[in-house]
K.L.:
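The following block contains the structure, expressed as structure tokens.
Computed from a predicted model, the values in this text were never measured in an experiment. Positions are given from 1 along the sequence.
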Amino acid sequence: MTNPLPEPPLLVITDRATAAGPVEDIVAAALRGGCRWLMWRDKESGRAVRERSARQALALCRAAGAVLTVNGDIDLARTLGAGGVHVQAAAEMAQARGVLGAGALIGVSCHSAAEVAAAAAAGADYATLSPIFLTDSKPGYGPAIGLTTLRTVCAATALPIVALAGIDEGNAGLCRAAGARAVAVMGGVMRAADPEAVVAALIHGMARPSRGRESC
């Protein structure tokens with residue numbers, strides 16, 4: 001049995017490289033907007049800066065009753081006492097679970113049905129599936145897979161799927177209607193002039209599956 005995903009079903013991923021302001025300020029704004037699941041992702045900073053900033057984000061999340069997970073750094077997640085970790089491949093699941101324990105929320109990045117099946121077999125709690133739509137934040141993974149493939153993958157697995165890449169207020173509900181258990185947003189929040197409003201709109205948009213287009 002997988003660990004449950006936080007509610008509401010929106011994952012906000014940090015990215016210092018594209019942030020319009022201090023990441024910690026954006027985290028605080030996202031939490032005010034209703035986010036209760038945040039993934040700390042920082043590919044640019046050294047360990048000391050990443051740990052200090054992640055601790056600040058974790059304190060903000062705890063104060064708001066939100067879950068913070070760490071992208072790609074099992075040791076940092078353990079050091080922080082974070083809610084879990086997100087790894088890049090199913091092969092990393094055994095190490096992550098061994099270090100963080102059964103109660104940690106552990107996800108895997110996936111780009112195909114085969115990778116989702118591997119993540120499920122390895123004991124992941126969820127898988128991100130991307131790129132659903134075209135986006136500058138997820139280059140190098142080929143064309144957008146679209147809602148039809150998202151629907152097919154979701155129907156073929158019991159593993160919770162988190163739709164990622166190109167998600168906005170207009171298509172978040174479509175992803176949910178296609179079977180995604182949650183949606184994830186990085187650039188759309190990090191680059192926003194008003195991240196609090198963007199997060200609130202995303203959460204509201206997830207309840208409106210008729211918006212947007214069924215193709216892509």
Side-chain angles (χ1 to χ4, degrees), residues 1-19 21-110 119-128 130 137 159-162 164 181-187 189-190 195-196 199 202-203:
M1 182 176 179
T2 59
N3 291 308
L5 302 186
E7 292 287 343
L10 169 67
L11 168 60
V12 172
I13 304 171
T14 71
D15 182 33
R16 191 177 298 278
T18 60
V23 176
E24 298 80 8
D25 291 350
I26 297 174
V27 168
L31 293 168
R32 291 195 301 271
C35 171
R36 291 299 177 265
W37 182 15
L38 187 111
M39 183 190 298
W40 184 260
R41 178 184 182 275
D42 184 348
K43 302 291 188 180
E44 288 72 38
S45 305
R47 170 63 188 240
V49 172
R50 285 191 294 117
E51 182 174 339
R52 182 172 63 251
S53 296
R55 284 192 185 280
Q56 293 174 358
L58 179 60
L60 290 168
C61 285
R62 285 177 172 167
V67 175
L68 182 134
T69 57
V70 175
N71 182 286
D73 193 332
I74 298 169
D75 182 63
L76 179 59
R78 178 193 59 79
T79 299
L80 293 173
V85 71
H86 186 87
V87 296
Q88 300 306 304
E92 300 175 73
M93 272 298 309
Q95 179 191 3
R97 189 65 74 193
V99 171
L100 300 177
L105 184 63
I106 304 178
V108 179
S109 292
C110 296
D125 293 310
Y126 70 92
T128 56
S130 69
S137 299
L159 186 68
I161 299 298
V162 179
L164 171 63
R181 195 74 59 85
V183 301
V185 180
M186 185 170 70
V189 174
M190 290 295 110
E196 179 179 349
V199 167
L202 279 161
I203 293 170

K.L.:
Excluding sequence neighbours, so at least two apart, what forms side chain to side chain contact (heavy atoms under 4.5 Å, CB included) with A17?
P.N.:
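In terms of side chain to side chain contact (heavy atoms under 4.5 Å, CB included), with neighbours along the sequence ignored, A17 is linked to D15, E44.
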K.L.:
Taking atom CG of D75 and atom CG of L100, what is their separation to the nearest 0.5 Å?
P.N.:
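Those atoms lie 9.5 Å apart.
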K.L.:
Write down the atom of L38, the atom of C61, and the distance for their closest heavy-atom approach.
P.N.:
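Closest heavy-atom pair between L38 and C61: CB-SG, 4.0 Å.
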K.L.:
Going by ring pair (Phe, Tyr, Trp, His ring centres under 6.0 Å), name the residues that satisfy it together with W37, two or more places apart in sequence or in a different chain.
P.N.:
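Testing W37 for ring pair (Phe, Tyr, Trp, His ring centres under 6.0 Å), a comparison that skips the adjacent residues, returns Y126.
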K.L.:
Which atom names give the shortest non-hydrogen contact between L31 and C35, and what distance separates them?
P.N.:
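That closest heavy-atom pairing would be CD2-O, 3.2 Å.
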K.L.:
At what distance, to the nearest 0.5 angstrom, does CH2 of W40 lie from CG of D73?
P.N.:
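W40 CH2 to D73 CG: 12.5 Å, rounded to 0.5 Å.
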K.L.:
Taking side-chain hydrogen bond (donor to acceptor under 3.5 Å, both in side chains) as the definition, give me every residue that meets it alongside R36, ordered by chain and number, with sequence neighbours left out.
P.N.:
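With neighbours one apart ignored, the set is empty.
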K.L.:
For residues T14 and S53, determine if any side-chain heavy atom of one lies less than 4.5 Å from a side-chain heavy atom of the other.
P.N.:
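Not in contact.
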K.L.:
Quick one: do V183 and L10 satisfy side chain to side chain contact (heavy atoms under 4.5 Å, CB included)? Show the steps, please.
P.N.:
CA-CA 5 Å; V183 301; L10 169 67; 3.8 Å; yes
K.L.:
Report the distance from atom CG of L68 to atom CG of L80, rounding to the nearest 0.5 Å.
P.N.:
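Nearest 0.5 Å value for the CG-CG distance: 7.5 Å.
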K.L.:
Could you work out, with side-chain hydrogen bond (donor to acceptor under 3.5 Å, both in side chains) as the rule, every residue matching R55, not counting sequence neighbours?
P.N.:
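With sequence neighbours excluded, R55 shows a side-chain hydrogen bond (donor to acceptor under 3.5 Å, both in side chains) to E51, given in chain and number order.
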K.L.:
Kindly indicate whether the side chain of V162, heavy atoms from C-beta on, has any atom under 4.5 Å from the side chain of L5.
P.N.:
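Sidechains of L5 and V162: in contact.
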K.L.:
Knowing that exactly one of L164, T69, V185 qualifies, which makes a side chain to side chain contact (heavy atoms under 4.5 Å, CB included) with I13?
P.N.:
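It is L164, the one option of L164, T69, V185 that forms the side chain to side chain contact (heavy atoms under 4.5 Å, CB included) with I13.
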K.L.:
Could you tell me whether the side chain of T2 reaches within less than 4.5 Å of the side chain of R181, counting heavy atoms only?
P.N.:
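A side-chain contact is absent here, since even the closest heavy-atom pair is not under 4.5 Å.
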K.L.:
How would you list, by chain and number, every residue that makes a side-chain hydrogen bond (donor to acceptor under 3.5 Å, both in side chains) with R62, sequence neighbours excluded?
P.N.:
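side-chain hydrogen bond (donor to acceptor under 3.5 Å, both in side chains) list for R62, sorted by chain: empty.
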K.L.:
Tell me, do Q56 and V23 make a side-chain contact under 4.5 Å, heavy atoms counted?
P.N.:
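Sidechains of V23 and Q56: no contact.
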K.L.:
Applying side-chain hydrogen bond (donor to acceptor under 3.5 Å, both in side chains), can you list everything that pairs with R52, at least two apart in sequence or on another chain?
P.N.:
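In terms of side-chain hydrogen bond (donor to acceptor under 3.5 Å, both in side chains), with neighbours along the sequence ignored, R52 is linked to no residue.
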K.L.:
Does any non-hydrogen side-chain atom of V189 lie less than 4.5 Å from one of L202?
P.N.:
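The answer is yes; the side chains approach within 4.5 Å.
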K.L.:
Decide, yes or no, whether a salt bridge links D42 with R50 under the criterion of side-chain N to carboxylate O below 4.0 Å.
P.N.:
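Looking at R50 together with D42, the answer is no, because their closest N to O distance does not fall below 4.0 Å.
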K.L.:
Restricting to non-hydrogen atoms, name the atom on L159 and the atom on A119 that form the minimum distance, rounded to 0.1 Å.
P.N.:
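For L159 and A119, the tightest heavy-atom pair comes out as CD2-CB, 4.1 Å.
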K.L.:
For the OG1 atom of T18 and the CD1 atom of I26, what is their distance to the nearest 0.5 Å?
P.N.:
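If I round to the nearest 0.5 Å, the distance is 8.0 Å.
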K.L.:
To the nearest 0.5 Å, what is the distance between CE (M190) and CZ (R16)?
P.N.:
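Here the rounded value is 10.5 Å.
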K.L.:
At what distance, to the nearest 0.5 angstrom, does CD of E196 lie from CG of D25?
P.N.:
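Here the rounded value is 12.5 Å.
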K.L.:
Restricting to non-hydrogen atoms, name the atom on I203 and the atom on P8 that form the minimum distance, rounded to 0.1 Å.
P.N.:
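So the two residues come closest at CD1-CG, 3.8 Å.
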K.L.:
Taking the side chain as every heavy atom from C-beta outward, state whether V85 and R78 have any pair of such atoms under 4.5 Å apart.
P.N.:
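In short, these two side chains do not touch, never coming nearer than 4.5 Å.
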K.L.:
Are side-chain heavy atoms of N71 and Q88 found at a separation under 4.5 Å?
P.N.:
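Yes, at least one pair of side-chain atoms sits under 4.5 Å.
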K.L.:
Closer than 3.5 angstrom, by distance alone: can the side chain of E92 be matched with the main-chain N or O of A89 as a donor-acceptor pair?
P.N.:
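Checked: pair present.
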K.L.:
Can you see which heavy atom on A82 is nearest to which on V70, and at what distance?
P.N.:
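Answer, listing the atom of A82 first, then V70: CB-CG2, 4.0 Å.
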K.L.:
Start with the C-alpha distance between D125 and R97, add both sets of side-chain angles, then the distance that settles side chain to side chain contact (heavy atoms under 4.5 Å, CB included), and finish with yes or no.
P.N.:
CA-CA 10 Å; D125 293 310; R97 189 65 74 193; 3.0 Å; yes
K.L.:
Which heavy atom of L105 sits nearest a heavy atom of P6, and at what distance?
P.N.:
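Distance-wise, the nearest heavy atoms are CD2-CD, 3.8 Å.
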